[in-house]
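All residue numbers in this chain count up from 1 along the given sequence.
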Amino acid sequence: MCEKAVRNDARFEVSTVDIDRGGVTYTVDTLGDLTSQYPDADLFFITGADSLARLSEWKDSAQLGNLAQFVGVTRAGHSFPQLETAHRVVEAPSLAISSTDIRRRVRAGVPIRYLMPASVVDYISKHELYLGGLDD
């Protein structure tokens with residue numbers, strides 16, 4: 001679905017480094033691999049602000065700031081947490097779209113078009129995804 005989502009935008013590329021590595025993977029491993037593959041690139045790691053607040057608990061967290069700039073995205077109804085970190089942190093506006101909401105909408109028969117690229121909406125429909133429980 002990620003490949004479908006970015007297919008028509010040359011600014012994006014889907015990486016399979018985590019899949020190719022196999023086994024347990026950590027953010028520090030992924031960023032290390034991407035840094036090796038793209039030594040001149042500026043990497044940005046986008047995650048929820050709630051996850052960013054726990055960045056110091058991540059494996060080899062002291063190395064992370066050397067590998068990428070971290071972007072904390074707030075979610076609707078949540079404020080950006082006060083962070084004590086040496087990492088560069090940027091607050092970005094959020095969109096009121098969540099994967100949980102997408103799954104609920106599909107199960108309820110509510111349209112999801114315009115919440116994501118049409119090719120992804122079509123894929124979800126064709127493969128009848130998210131019609132079961134919350135964890136699918």
Side-chain angles (χ1 to χ4, degrees):
M1 286 190 280
C2 289
E3 290 172 350
K4 291 179 181 311
V6 302
R7 176 178 297 147
N8 296 319
D9 194 329
R11 298 172 299 171
F12 294 97
E13 177 182 337
V14 174
S15 171
T16 60
V17 295
D18 287 338
I19 296 168
D20 297 342
R21 183 182 314 106
V24 176
T25 187
Y26 296 94
T27 299
V28 70
D29 302 325
T30 302
L31 293 176
D33 287 350
L34 292 172
T35 299
S36 295
Q37 288 179 14
Y38 305 98
D40 298 325
D42 291 325
L43 299 179
F44 294 84
F45 189 94
I46 303 170
T47 187
D50 52 335
S51 294
L52 201 57
R54 296 188 315 274
L55 192 63
S56 64
E57 301 170 16
W58 295 14
K59 184 177 187 285
D60 299 329
S61 64
Q63 295 177 30
L64 295 173
N66 299 325
L67 298 170
Q69 179 167 341
F70 282 75
V71 179
V73 179
T74 58
R75 294 179 187 224
H78 294 82
S79 60
F80 195 72
Q82 294 297 318
L83 301 176
E84 294 184 20
T85 178
H87 301 293
R88 296 172 291 175
V89 178
V90 178
E91 184 175 7
S94 66
L95 299 174
I97 301 170
S98 73
S99 57
T100 300
D101 184 48
I102 296 294
R103 292 189 299 269
R104 284 185 185 140
R105 291 173 72 93
V106 169
R107 269 191 300 285
V110 176
I112 58 173
R113 193 157 299 279
Y114 308 114
L115 297 177
M116 62 188 68
S119 58
V120 177
V121 173
D122 293 343
Y123 181 87
I124 290 170
S125 176
K126 177 181 177 183
H127 295 280
E128 299 180 343
L129 299 180
Y130 311 131
L131 296 175
L134 279 177
D135 295 330
D136 59 351

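For residues 97-125, the set of pairs meeting the ring-ring contact (aromatic ring centres under 6.0 Å, His included) definition, not counting sequence neighbours, comprises Tyr123-His127.
Between the side chain of Ser36 and the backbone N or O of Gly32, at least one donor-acceptor pair lies under 3.5 Å. At least one donor-acceptor pair closer than 3.5 Å links the side chain of Thr35 to the backbone N or O of Leu31. In this structure, Ser98 contributes its side chain and Asp101 its backbone to a donor-acceptor pair below 3.5 Å.
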Using residues 4-11 as the side-chain source, report each donor-acceptor pair under 3.5 Å to any protein atom, sequence neighbours left out, with the distance given to one decimal.
| from | atom 1 | to | atom 2 | distance (Å) |
| --- | --- | --- | --- | --- |
| Asp9 | OD1 | Arg11 | N | 3.0 |
| Asp9 | OD1 | Arg11 | NE | 2.9 |
| Asp9 | OD2 | Arg11 | NE | 3.4 |
| Asp9 | OD2 | Arg11 | NH2 | 2.6 |

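Contact of the Leu43 side chain with the Gln69 side chain is not registered, since no non-hydrogen atoms from C-beta on lie closer than 4.5 Å. In this structure, the side chains of Glu128 and Ser125 stay at 4.5 Å or more apart for every pair of heavy atoms. For the pair Tyr38/Glu13, a side-chain contact is recorded, criterion being any heavy-atom separation below 4.5 Å from C-beta on.
The line from CG of Leu115 to CD1 of Ile97 is 5.0 Å long, rounded to the nearest 0.5 Å. Atoms CH2 and CG, on Trp58 and Leu64 in that order, are 7.0 Å from each other to the nearest 0.5 Å. With rounding to the nearest 0.5 Å, the separation of CG in Asp60 from CG in Asp29 is 7.5 Å. A distance of 4.0 Å separates CD1 of Ile124 from CD1 of Ile112, quoted to the nearest 0.5 Å.
Legend: residues meeting ring-ring contact (aromatic ring centres under 6.0 Å, His included) with Phe44, ordered by chain and number and at least two apart, are absent. Not counting sequence neighbours, the partners of Asp122 by the side-chain contact (heavy atoms from CB on, under 4.5 Å) test are Arg113. The salt bridge (Lys or Arg N to Asp or Glu O under 4.0 Å) search around Asp20 returns none, not counting sequence neighbours. Annotation: side-chain contact (heavy atoms from CB on, under 4.5 Å) contacts of Val17 (sequence neighbours excluded): Ser15, Arg21, Thr30, Asp33, Leu34, Gln37.
Ring-plane geometry between Phe70 and Phe45 is classed as tilted, the angle between the planes lying from 30 to 60 degrees on a 0 to 90 degree scale.
Cluster membership check: Val14 does not share its hydrophobic cluster with Ile46, using side-chain heavy-atom separations under 4.5 Å among Ile, Leu, Val, Met, Phe, Trp and Tyr. Following chains of ILVMFWY side-chain contacts shorter than 4.5 Å, one can reach Tyr26 starting from Leu55, so the two form part of one hydrophobic cluster. Grouping the Ile, Leu, Val, Met, Phe, Trp and Tyr side chains by contacts below 4.5 angstrom, directly or via other members, places Leu131 with Ile102.
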